[in-house]
J.: 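Just dropping this structure here.
No experiment lies behind these values; they were computed from the predicted model shown. Chain identifiers are assigned alphabetically (A, B, ...) following the order of the sequence lines, protein sequences preceding nucleic acid strands; residue numbering begins at 1 within each chain.
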Amino acid sequence: MKNLYPLSLLALALAANGTTARAQDLAFVACPIVQDTPSVPCWLTEYEGELYYMGVQSDVSAPFNPPWLGHMALVEGTPSATGERICGGLVLDPVRVAVMPEMSPECDERLVAEPGYVLPFEPRRPPGPSSGRLAFSPPQPPPPPEPPFEPRTFPVYFPFEGAVNFQTPGALGEILDYARAVGAERIEVTGYRAAVLLTDGTVLEERSGLAELRAGQVARMFEGLVDSVEEIDVVFDEAAEPGDWQDRRVDVRVIP
Amino acid sequence: MTVKPRLSHLLLGVAVTSFGWQAVTAQSTDEAAAAIAADAGDLPNGGTAWWEPGEGRPIPEAIEYDNDHGRLRLYNVDGEVVTEGHPFFEPLGPNGRACVSCHQPADGMSLSLRSIRERWEETGGSDPIFAPIDGANCPNLPQGEEASHTLLLERGLFRIGLPWPPRDPWGEGTIEPEFTLEVVRDPGGCNTDPEYGLDSANPTVSVYRRPRMVANLPYVVHRNFGIGPFVGKTGEPALRDPENGEPVNMNLMADARVPTLGTQASDAAANHLQLLRGLSRAERAQITDMQGQLFAAQVYDNVAGDLLAGPGGNAFGPENLAHGDIGFLGNNTTRWVFPVADEWAEPQPGLTEEQNERRASIWRGQQIFHFRTFWISDSMHLNTVGLGNPVKRTCATCHGMHMTGLDTANGWMDIGTTNLPWAREVPLNPWTDEEELMPLFRVTCRDDVPPHPFLGRVIYTQDPGRALISGRCNDVGTIVMQQFRAFAARAPYFSNGSAANIREVIDFYDRRYNIQYSEQEKTDLENFLATL
């Protein structure tokens, strides 16, 4: 059975996630640019006259997932303090990139490879077949929990305006393992949406209803997978205060 | 809490093919054919190629059939299959069909357009494959007339009727679709038919798809790399095996609507054989047991000769498939998608110059498949899974499963075979009277869901594919990938039969992704694909 509640009706004393703005060095929405190289392509973007490097093409396991031509992207990142440049762009590190859902056909810039330019590192995944493994290994699973078992909350993060996607199963694995190991009786799923304060002062807010959608989708993913769970409570908080990427999330609380 | 996937009302999968076969009969006096058979170790040839339901011929451990590119071998790992009384081969339902009707050994256990046309000519349209339920454009059309069977006779397509809105696979009732569906063009007449159409008492969408191969299926239903409780490309919960609750890889049928070979068999028996009583548990087990031990692949190329001659040809032949590593992601070091070693392409003693040249071309085609990069763009569930749009990769990126070229993970995506503007359509102009055969639907995504990332809120499609099951806007036109085996035996290709031959498959990709293959590259790739 799945119970669904707006958070405001529950008066739960939840942590104030999603309500505190966290500063980003840069946060802007712009078209991505793909720059070919003799190996994998670089992904760049331009903001206020500066060209920024976001990352290279890799595979599904990579922490950086390139954006899409045909769409604007929300870029949240920190420019390199040393002025490091790759593919001509000032490196943003760390960087988070989210594809904006609406189509933007003007985002169509493809740059041919610069003659003689070689990436300053060996790409983890070449443009051809893999070497038999994913480019980035998943983190080692934590050791099995020991009693006494405690309620534990796991965050599951989403890209701006995003709900369950190809990245979500990776985040749920640890939660499933824990819930099964402790024989969880109850799971509470709390969904949030958020907003971003852009560098230019604009506040960009995720669409209304996304907190409920995220929570509902994540709750559905647990159905039938943990035999001991009799109930999954779904809670959502549609408040969207400016914050950072950690506010675009669902909290999954596993209760033994 | 348990979730029981709803499995009823699901239809048989669909799919592919290639050039027709020419059986090497026992009475053949063709010396070349005899020499071919001798080279292959005197395996029995296909004799009379067409398998009638209930005819009782056993399928030997190995049997071969000629086709336009060479010769296909079927290999039964567990030895001869007794077909008499076997539910795959017996006409269980009232329309006279058996599973074998549409999964013919000579056609790589699919059904080639050539076979379909030959059956029409030989039986005057009375063969059970032309049964009104799905062998006609719509069941209520006059039977025995070519005009009523154009989709089957011209594209090799069977009608698949799916409920609309989709049924909820996880519970009772239906899914609320993220889009509305309108019929723009309906040459078969079924989607607008008052009895069978979208506005009928049982609203039904009719799409038209090819029957898929029933061989090498352990690869299709593997539970190894990339398979878990969730679908790797979308994050949604994966369907589960009703027998044991384990997640399945959802690579069966064009739209992944059934979880297992057993449920697929039951679905096909009900919807294609019209077997109202349903398959018994024992019958289902007999069918799936046979499916698990049947492998098919080319063993002979008409120019290169015996593909298994010389070292390093581990990609070829059904025996290599049967004993290969199942459910592994191919790579370029230890386990190629299609392992053809360099030494295989070296000139082999005893072969003619022409044979050695063809072997070199086949090897180059394999290299193109693995290493020739191009920009893959605007393809749902490929560019959207962390690779970026566009992504610079190769054929082997998507067709990555060792030995089959399947997707190792749950594999539906949209490369444009059914969605406009890429789908094959008859050009409209004042100088042609050719009419498009395929239906056309207008899909309009709801305002409260994100638009399709590459096609927007209004999409025109010949077949919404997976979206007819999931109800999702971004699944419109996504089709489950098929294996690359027995290509030469089962034209036409793609789920809607839109590529008449292997070259048209290559041309589609060349056009779709602006690959700019050279003529030599196309030839090499075609020669390679024809050997699988």
J.: Given heavy-atom pairs under 4.5 angstrom as the criterion, report whether the side chain, backbone, both or neither of B:Thr234 touches chain A.
T.: backbone

J.: Below 4.5 Å from any heavy atom of chain A, which atoms of B:Thr384 appear? Answer side chain, backbone, both or neither.
T.: both

J.: Hey, what do you get for CG (A:Leu172) to CZ (B:Phe230), rounding to the nearest 0.5 Å?
T.: 4.5 Å

J.: B:His370 side chain to A:Pro129 main-chain N or O, any donor-acceptor pair under 3.5 Å?
T.: no

J.: Name the region of B:Val231, side chain, backbone, both or neither, that has any atom closer than 4.5 Å to a heavy atom of chain A.
T.: backbone

J.: Quick check: closest heavy atoms across B:Asn389 and A:Trp43, and the distance to 0.1 Å?
T.: O-CH2, 3.0 Å

J.: Against chain A, label B:His381 side chain, backbone, both or neither, depending on which of its atoms sit under 4.5 Å from a heavy atom there.
T.: neither

J.: Between B:Trp375 and chain A, which part of the residue has a heavy atom less than 4.5 Å away: side chain, backbone, both or neither?
T.: side chain

J.: Check B:Thr394 against A:Gly128 and note the closest heavy-atom contact, atom names and distance.
T.: CG2-CA, 3.9 Å

J.: Work out which heavy atom in B:Thr397 is nearest to a heavy atom in A:Pro127; give both atom names and the distance.
T.: OG1-O, 4.5 Å

J.: In Å and rounded to the nearest 0.5 Å, what is the CG to CG distance from A:Asn165 to B:Asn474?
T.: 11.0 Å

J.: Report which part of B:Arg372 has an atom under 4.5 Å of a heavy atom belonging to chain A: side chain, backbone, both, or neither.
T.: neither

J.: Sort B:Phe328 into side chain, backbone, both or neither according to what part of it lies under 4.5 angstrom from a heavy atom of chain A.
T.: neither

J.: Within this structure, what is the CG-CZ distance for the pair A:Asp59 and B:Arg393, rounded to the nearest 0.5 Å?
T.: 6.0 Å

J.: Can you see which heavy atom on B:Leu387 is nearest to which on A:Ser58, and at what distance?
T.: CD2-O, 3.8 Å

J.: Show, in sequence, the C-alpha distance, side-chain angles and deciding distance for A:Thr168 and B:Glu236, and conclude whether the side chain to side chain contact (heavy atoms under 4.5 Å, CB included) test is met.
T.: CA-CA 9 Å; A:Thr168 315; B:Glu236 68 192 272; over 6 Å; no

J.: Given side chains that start at C-beta, do those of B:Pro237 and A:Arg220 come closer than 4.5 Å, heavy atoms only?
T.: yes

J.: Among B:Val385, B:Leu455, B:Thr373, which residue forms the greatest number of heavy-atom pairs with chain A at distances under 4.5 Å?
T.: B:Val385

J.: Relative to chain A, which segment of B:Pro229 carries a heavy atom at a distance below 4.5 Å: side chain, backbone, both, or neither?
T.: side chain

J.: Donor-acceptor pair, A:Gln57 side chain versus B:Lys392 backbone, under 3.5 Å?
T.: yes

J.: Within residues 102-116 of chain A, which positions have a heavy-atom distance to chain B below 4.5 Å?
T.: A:Glu102, A:Met103, A:Arg110

J.: What pair of heavy atoms forms the shortest contact from B:Asn383 to A:Trp68, and how long is it?
T.: O-NE1, 3.3 Å

J.: Which bit of B:Arg335 comes within less than 4.5 Å of chain A, counting heavy atoms only: side chain, backbone, both or neither?
T.: neither

J.: Search all heavy atoms of B:Pro450 against all heavy atoms of A:Pro101 and return the closest pair with its distance.
T.: CB-CB, 4.2 Å

